[in-house]
Amino acid sequence: MDIEARIQRRQRRDGEPRLLVDYDSLSPVAHTDDPVNCGPVLERLLDYLDPVFDGHLPPNAYVYGPKGSGKSAVVTALFDHLVRASSVNNAAIHTTTRVQATFAPRFVYVDARETTSAFAFYHAVLDALVDESVPKQGIKTEALQSRLKAALGGPKTGAVVAVDHLEEPGTLDGEAFVDLCAGLPSKVSWLAIGRAPPDETVLTDYTAGAIQFEPYQSQVLVDVLMTRVSAAGSRRTLDHRLARDIAEWADGDAHDALAALFGAADEAVRNRHRSITAADVAAGIAAVPRPCVSLGRVFSLPENRQQVLHELLTLRPDQQQSVQATSQHIAKSVDLSATTVKRILYELAEDGITRRVTAERVDRKGRPPSRLEPQFPTVVFERLFAAQ
DNA sequence: GATCCACGGGAATACACGGATG
DNA sequence: CATCCGTGTATTCCCGTGGATC
C-alpha cells in the first residue's frame, strides 16, 4: 500500500472522517498470498504432494468443494509458492530430497476458464514450463504437444499441473479434460479442481485420491471479512457484529460474503458514511443474487460479452421486456448487430450468468417473452468492470 | 501457406395460444 | 373432444469468413 493511498484515507472532508476503501482488497476475485485459516486443507494438499520431496511424482488427484469454499484461494497460493521455490531456487527442494537423485519437478497452475480448447490448454502448460515465448497461433496443436514432450525430456524432470474450475459451464468437461491429459507427456501428474462430489464426476476414475473443501465455518468467514476490511481501509470500518451478519447470510460461501461486503462498502462510500452501517450491509447483501454465479467466471468472459452485460445493467426495466427488445437496445451502444447481441444474451443465460424469466402473460399472440436477471453481484461487477 | 479462433448472421426448430377442423 | 393449423415469438444451432500470427 503506497503512501498516497494512506494519506488519502486520512483526509477529511467537511470535518467528517470519510470512508475510503481499496476495492482491490475486497474483490471476491482477488486471492491473497496467505489465505486466512486454511491450515488443515493445506496440510492435506501437502500430504498429497509429499512424494515430490522424495523424488517422485504424486499420482493424479481431485480437489473438490462448493463455490466459495477456498479451493482457488488455497491452491493458487500454494502453487505460487511452489512455482517460486522450484524456479528461483531448485536447491530448496534438492536439499530436502531424501534420495540422491536430483529430481526437479515443475509446478503449473492452469485456469480452465481461460483455456477452453486443446490448443489453449497445451499452450498454457508449455508457456508455464519454458522461458521462451510460445506462439499463440499459426502452429499445429500437435506441435505444442511435441514441444511439451521435449521440455520434460530430462530424466529427472516431471510436472504437477493443477487445473482449476473444471466442469463449469463453458469450461472443459471431465471427459475432454481427461482426453487432453492423455496427450500430455507421461511425466505429468494432474490435480483437477472442481465442484462435483467424487461420485458425480468421471475425473475420479483417473485419480488416486480426493481432497475435500468444506464450506467456511461462520467464525472463520468473519475472520476472512475482517482481514479483508482492514487491508482495504481501517479495522474500524466494519463492526464485528455486522461481519457476523454477512457471514451468517453467506452460509459458508466466501465469494458471496466478500461480494456483499464489497457492495456494503460501496454503499457506505456513496453515502459518505464514516464507517459501514447496518443499512449499508443490507444494501450490499441485497445486491448479491442467490444462487450467485462466481464473478471469476464473469470476468473471464471475452471482452465483448462483458460489454454486453455492462450495457444490460444500464437498461431501464421498460427497455428489457423481451430478449429481443433488450438486444436491440444493447446493440445501439455496442459494436455488434442486434442479432449477434441476442445470440450472446442467450448464450449467457444458457451458462447461468443470467436467468431467463418468462413473462406471465402478454397481450395475445406468440410465445411470451422473457426478461433477463443477472445472476452475479452487479455492484461489484460494475465497479471492477469500470476499473478495468 | 498454415493454423487457431473470434465473429457474425441467419436458418432451423421449439413454443404458446387461439381458432378451425374432423 | 381431440387434433391440427396459423401466427408470431423465443430459442437453438450451425457454418462460413476473416483477422492475426507463425
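Within every chain, numbering begins at 1; the chains are lettered A, B, ... in the order of the sequence lines, protein sequences first and strands thereafter. Here the structure is a predicted model, which is why all the values come from computation and not from measurement.
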Below 4.0 angstrom from OP1 or OP2 of [N], is there any side-chain N or O of [X]?
X        : N      : value
A:Thr141 : B:dC4  : yes
A:Asn304 : B:dC7  : yes
A:Tyr346 : C:dT11 : yes
A:Thr358 : C:dA10 : no
A:Ser370 : C:dT11 : yes
A:Thr340 : B:dG9  : yes
A:Lys140 : B:dT3  : yes

Counting heavy atoms from C-beta on, name the nucleotide in [options] closest to the side chain of [X].
X        : options               : value
A:Gln137 : C:dG19, C:dT12, B:dG9 : C:dG19
A:Leu336 : B:dC4, B:dG8, B:dA16  : B:dG8
A:Glu350 : B:dA16, B:dG8, C:dT12 : C:dT12
A:Ala120 : B:dG8, C:dC22, B:dC5  : B:dC5

What nucleic acid atoms does [X] come within less than 4.0 Å of, heavy atoms only: base, sugar-phosphate, or nothing?
X        : value
A:Thr339 : base
A:Ala349 : nothing
A:Lys342 : base
A:Arg356 : sugar-phosphate

Exercise. Between the base of B:dG8 and the side chain of A:Arg343, is there any donor-acceptor pair under 3.5 Å?
Worked result: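 By the distance-only test, yes, there is a pair.
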
How close or far is atom [atom2] of [N] from atom [atom1] of [X], stated in whole angstroms?
X        : N      : atom1 : atom2 : answer
A:Arg355 : C:dA10 : CZ    : P     : 18 Å
A:Leu301 : B:dC5  : CG    : P     : 17 Å
A:Leu345 : C:dT12 : CG    : P     : 12 Å
A:Gln324 : C:dT11 : CD    : P     : 11 Å
A:His123 : C:dT21 : NE2   : C1'   : 11 Å

Problem set entry | Aromatic ring proximity A:Phe299/A:Phe381, centre distance under 6.0 Å |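 That pair passes the under 6.0 Å test.
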
Exercise. Got A:Arg343 and A:Thr340 here, is their nearest side-chain heavy-atom distance under 4.5 Å?
Worked result: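 When only atoms from C-beta onward are counted, A:Thr340 and A:Arg343 do touch, with a gap below 4.5 Å.
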
Exercise. Any side-chain donor-acceptor pair under 3.5 Å between A:His123 and A:Thr115?
Worked result: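 Judged by distance alone, the side chains do not pair up.
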
For this session: Look at the side chain of A:Asp280 and the backbone N and O of A:Thr277, then say whether any donor-acceptor pair between them is shorter than 3.5 Å.
Result: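 Flag set: sc A:Asp280 to bb A:Thr277 pair under 3.5 Å.
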
For this session: Using a strict 4.0 Å threshold on nitrogen-to-oxygen distance, state whether A:Asp245 and A:Arg241 make a salt bridge.
Result: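 No, no charged N to carboxylate O under 4.0 Å.
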
